[in-house]
Amino acid sequence: MAASMVRRLAAAVGVSLAANVALADGARITFDRTDRHQTITAWEATVDLFWPENLASHQPEILDRILDEIGITRLRLGIFSGTENTDRAFDRMRAGTLGYQGWRESRYATVNDDDDPFHINPDGFDFAGLDWRIDTTVLPLKERAKARGKTLEINLNYVAFTKQNRGGSYIHTDPEEYAEFMLASFLHMQEKYGFVPDAVEALLEPENSPEWTPERLGQAIAAATRRLDHAGFRPRFIAPSVTDARNAVPWMQGIAAVPGAMEGLKELSYHRYRGAQNAVITGIAAEAARLGIETSMLELWSDRATFQVLYSDLTLGNVSAWQGNTVSTHHQIDPARPRDGKLVLKENARYFRQCTAYVHPGDTRIGAESTDPALAAPVVFEGPAGEIVVILRAGRAGQAEITGLPAGTYYVSYAVEAGSGRIEQPFAVVAGTPLIVDMPGKGVVTVTARAD
């Protein structure tokens, strides 16, 4: 955004302490710190297999900015079922001796390492695709996060889109074979990289894997939980990650009916490509509450993951984790529009980062209301130390009076149709004094007690 536009927007975002100040055209925002909902665990992005050529030179900038500007705290690291195979298809594809289509049609086919699911034959596994993702994206991001004093979690995502297979076998619906595959993957990562996944997304989009049923997936999760626990690994399992949100509750109920499946399953996940009506999302939240687990929305790519989607997932779905984009291909940074040698944020990311950059894992959503939700609809979080983050979905220009803020220093930032910015001058709030914010237009305004 041009400097002149930033100055004009900054001038339009006024903030005042509301002692004896009339609210000209606005909504009154209140919140209840005793009305507690979900605690945020992760803002997630998927590790792409390859970086597009037009992004290669921008990779360092993108990795820095998805940590600093987007606030990513968890990486979804895909592992294909065809990792249990000896055809070395990934290396042959990269070397050009196997075409992309040939690799695509074989990458989920499996060849058993041996006849004993309780014995791992290392020569029966090919981790080249997993290692490529780790070497090119995960390690650089983990190093950057460590340098910032942050923790970057890893979600190992099992992918078996067997509808793409043209020949070959598939063995992982056998619960013990699935458990062996997971243990082999953990042991490989531990030995080669010195870390293991924090979570396991049990099966990506089961609608693309006709061999699977909810019962079979429950049996696989139960077996993998036992096997990993026996080896000293205790990741949180995530399921069912359905493409159609309407399938989330039926799949979850089938999984939960299997003895042992819920011992490690902590997150009910869904995607929003189909069937994501409000009633469906609230039904997912209700089922998770019944089971005593969290919810997560972990995929809606191609710029469709807008702030409105995030707002609905937070307030209706009670999600604790959320994913809007991948790291590079379906990225948060727009490679088509570099400006002054720097990439610009995509429009959907420019808005949803007003939440993901300021709300941290460990923050808890608390109840909030507005006298005019069409003008300013709030979602409010409280941090572990009592710090408050107020995020307003602004329907148009107007004022929002925020009541009940603890005494302290507050910062205001915004993303509206004309651009994004932040008011550099912080505002000191005295306990019991409301704060009035002038919202410059339709978009998102964030009020936070965090200086970062």
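These figures come from a predicted structure and were not determined experimentally.
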Applying salt bridge (charged side-chain N to carboxylate O under 4.0 Å, His left out) to E143 and K146, what does each step give before you reach the verdict? CA-CA 5 Å; E143 290 168 0; K146 183 179 180 180; over 6 Å; no

Report yes if the side chains of R272 and M297 come closer than 4.5 Å at any heavy-atom pair, otherwise no. yes

F181 side chain reached by T110 side chain, heavy atoms, under 4.5 Å: no

I'd like to know whether R216 forms a salt bridge (charged side-chain N to carboxylate O under 4.0 Å, His left out) with E211, so could you lay out the CA-CA distance, the side-chain angles of the two residues, the decisive distance to 0.1 Å, and finally the verdict. CA-CA 9 Å; R216 284 178 174 174; E211 295 88 349; over 6 Å; no

Could you check if a side-chain atom of V47 sits within less than 4.5 angstrom of a side-chain atom of S328, using non-hydrogen atoms only? no

Assess whether atom CD of Q277 is packed by more than 12 heavy atoms of other residues, nucleotides or ligands within 6.0 Å. yes

Testing the 3.5 Å rule here: is there a donor-acceptor pair between the side chains of R274 and N247? no

May I ask you to decide whether D68 forms a salt bridge with R148, counting only side-chain N to carboxylate O separations under 4.0 Å? yes

Looking at side-chain heavy atoms only, is the closest gap between R350 and E347 below 4.5 Å? yes

Within a radius of less than 6.0 Å around CD of E369, do more than 12 heavy atoms belonging to other residues, nucleotides or ligands occur? no

Do Y170 and W212 pass the side chain to side chain contact (heavy atoms under 4.5 Å, CB included) test, and can you show the C-alpha distance, the side-chain angles, and the key distance before you say yes or no? CA-CA 11 Å; Y170 182 69; W212 287 94; 2.8 Å; yes

Given T39 and T364, is the side chain to side chain donor-acceptor pair (under 3.5 Å) satisfied, shown in steps? CA-CA 4 Å; T39 296; T364 298; 2.8 Å; yes

Report the C-alpha distance between H119 and N121 in whole Å, list the side-chain angles of each, state the deciding distance to 0.1 Å, and finish with yes or no for side chain to side chain donor-acceptor pair (under 3.5 Å). CA-CA 6 Å; H119 173 266; N121 172 18; over 6 Å; no

Derivation of the side chain to side chain contact (heavy atoms under 4.5 Å, CB included) call for E153 and T73: CA-CA 6 Å; E153 294 191 341; T73 65; over 6 Å; no

Show your reasoning for whether side chain to side chain donor-acceptor pair (under 3.5 Å) applies to Q354 and T446. CA-CA 6 Å; Q354 288 297 130; T446 303; 2.9 Å; yes

Please report the interatomic distance CD(E387) to CZ(F381), rounded to the nearest 0.5 Å. 12.5 Å

Taking everything shown except E215 itself, do over 12 heavy atoms lie less than 6.0 Å from its CD? no

Check the side chains of D313 and Y270 for a donor-acceptor pair under 3.5 angstrom, ignoring hydrogens and angles. yes

Determine the sole option in L345, T306, N325 for which the side chain to side chain contact (heavy atoms under 4.5 Å, CB included) test with F352 is passed. N325

Answer whether the closest heavy-atom distance between the side chains of M189 and L130 falls below 4.5 Å. yes

Taking atom CD1 of I171 and atom CD of E180, what is their separation to the nearest 0.5 Å? 7.0 Å

Between Q164 and R107, do the side chains contain a donor N or O and an acceptor N or O under 3.5 Å apart? yes

Cationic tip of K192 above F127 ring, under 6.0 Å, 45° of axis: no

Under the criterion side chain to side chain contact (heavy atoms under 4.5 Å, CB included), I'd like the reasoning laid out for M182 against L156: C-alpha separation, chi angles, the key distance, then a yes or no. CA-CA 9 Å; M182 284 299 167; L156 186 67; 4.3 Å; yes

From the list R76, E205, E267, E201, side-chain hydrogen bond (donor to acceptor under 3.5 Å, both in side chains) partner of S241 resolves to E201

Checking side chain to side chain contact (heavy atoms under 4.5 Å, CB included) between L298 and each of T46, V319, I238, which is the one that passes? I238

4.5 Å side-chain heavy-atom contact, R304 and Y273: yes

Y358 versus S413, side-chain donor and acceptor atoms under 3.5 Å: yes

To the nearest 0.5 Å, what is the distance between OG1 on T136 and CZ on F50? 9.0 Å

What's the separation between atom CG in L141 and atom CG in D64, rounded to the nearest 0.5 Å? 8.5 Å

Nearest 0.5 Å, please: how far is CD1 in I388 from CD1 in I402? 10.5 Å

Decide side chain to side chain contact (heavy atoms under 4.5 Å, CB included) for L228 and R234; before the verdict, give the C-alpha distance in whole Å, the side-chain angles of both, and the deciding distance to 0.1 Å. CA-CA 6 Å; L228 290 170; R234 296 174 181 83; over 6 Å; no

Are any of the side-chain heavy atoms of I423 and Y411 separated by less than 4.5 Å? no

Rounding to 0.5 Å, atoms OH (Y311) and CZ (R393) come to a distance of 5.0 Å

Tell me, do W103 and D87 make a side-chain contact under 4.5 Å, heavy atoms counted? no

Identify whether the distance between the nearest side-chain nitrogen and carboxylate oxygen of R226 and E263 falls below 4.0 Å. no

